[in-house]
Amino acid sequence: MSSLTQKLEGLLGEVNGHGAEDLLDKAINKYFAERIAMVSSFGTESAVLLHLVASVNPATPILFIDTGKLFPETLDYLHTLQQLLHLENLTILAPSRADLSREDPEGILWQQNPDKCCEIRKVLPLAKAIAPYDAWISGRKQYQAVTRAGIGVAEEKNGKIKINPIARWTPEDIAAYTEAHNLPEHPLKADGYLSVGCVPCTAKPSIDGDARSGRWAGQEKTECGIHYMI
Ligand code: SF4
């Protein structure tokens with residue numbers, strides 16, 4: 001059994017039945033101290049996990065990928081939350097210029113090959129930034145999509161530990177935490193966006209669809225790939 005597997009088992013054994021804050025505290029300050037980062041899209045529900053992480057340790061590295069195709073409202077929201085939550089260690093990642101000029105010189109790869117576009121704009125920058133860490137924290141939740149219904153609060157994948165502290169939270173839990181801590185909403189939420197990514201690939205969710213049904217709407221694609229490839 002690898003040392004990472006042992007740490008994962010130790011973490012899960014110690015926090016079994018406790019809440020997201022306890023899981024984060026043990027992961028960030030004990031089991032993966034100095035070896036863990038959070039990845040955030042600063043999307044519609046990101047404030048909750050950012051607040052939890054900042055409460056546990058405001059120096060936790062936070063990685064954000066600016067794909068070059070984001071809504072300006074998302075960048076505004078990032079600066080709002082950075083100031084409000086006193087995020088001390090935020091890094092804004094960007095795609096490699098060489099990859100963009102070689103693969104997407106006109107900025108329309110998303111139309112022709114969205115998987116490749118996500119690879120060069122999201123997956124590769126994140127894979128490079130996250131390489132030094134043993135573990136990373138994600139805000140994925142089971143209710144967001146059928147493809148996420150089976151995720152647990154912590155898992156070992158591709159040689160790293162992925163912590164999903166609010167995987168089992170419901171939309172009501174998110175709303176209650178947001179209200180209890182007076183957290184600002186993403187500016188586009190009031191317009192009906194329940195999940196926000198890049199401009200060309202984000203629409204409002206369909207009436208009978210899940211929260212992520214507006215992402216790559218009309219395509220079979222449901223994920224950018226970071227949760228499969230990293
Ligand atoms: S979400 Fe769309 S625009 Fe953004 S990286 Fe993926 S394919 Fe490209």
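Heads up: numbering here begins at 1 and tracks the sequence. Counting starts at 1 for both ligands and their atoms, following the listed order.
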Do the charged groups of [X] and [Y] touch, with an N to O distance under 4.0 Å?
X    : Y    : value
E155 : R140 : yes
E156 : K162 : no
D104 : R121 : yes

Against heavy atoms of [X], which atoms of ligand 1 measure under 4.0 Å?
X    : result
R121 : 5 (S)
C201 : 1 (S), 2 (Fe), 3 (S), 7 (S)
C198 : 1 (S), 3 (S), 4 (Fe)

Results of ring pair (Phe, Tyr, Trp, His ring centres under 6.0 Å) for Y177 - residues two or more places apart only:
H51, W169, H181
Heavy-atom distances under 4.0 Å are what count here, so tell me which part of C118 touches ligand 1: side chain, backbone, both or neither.
both
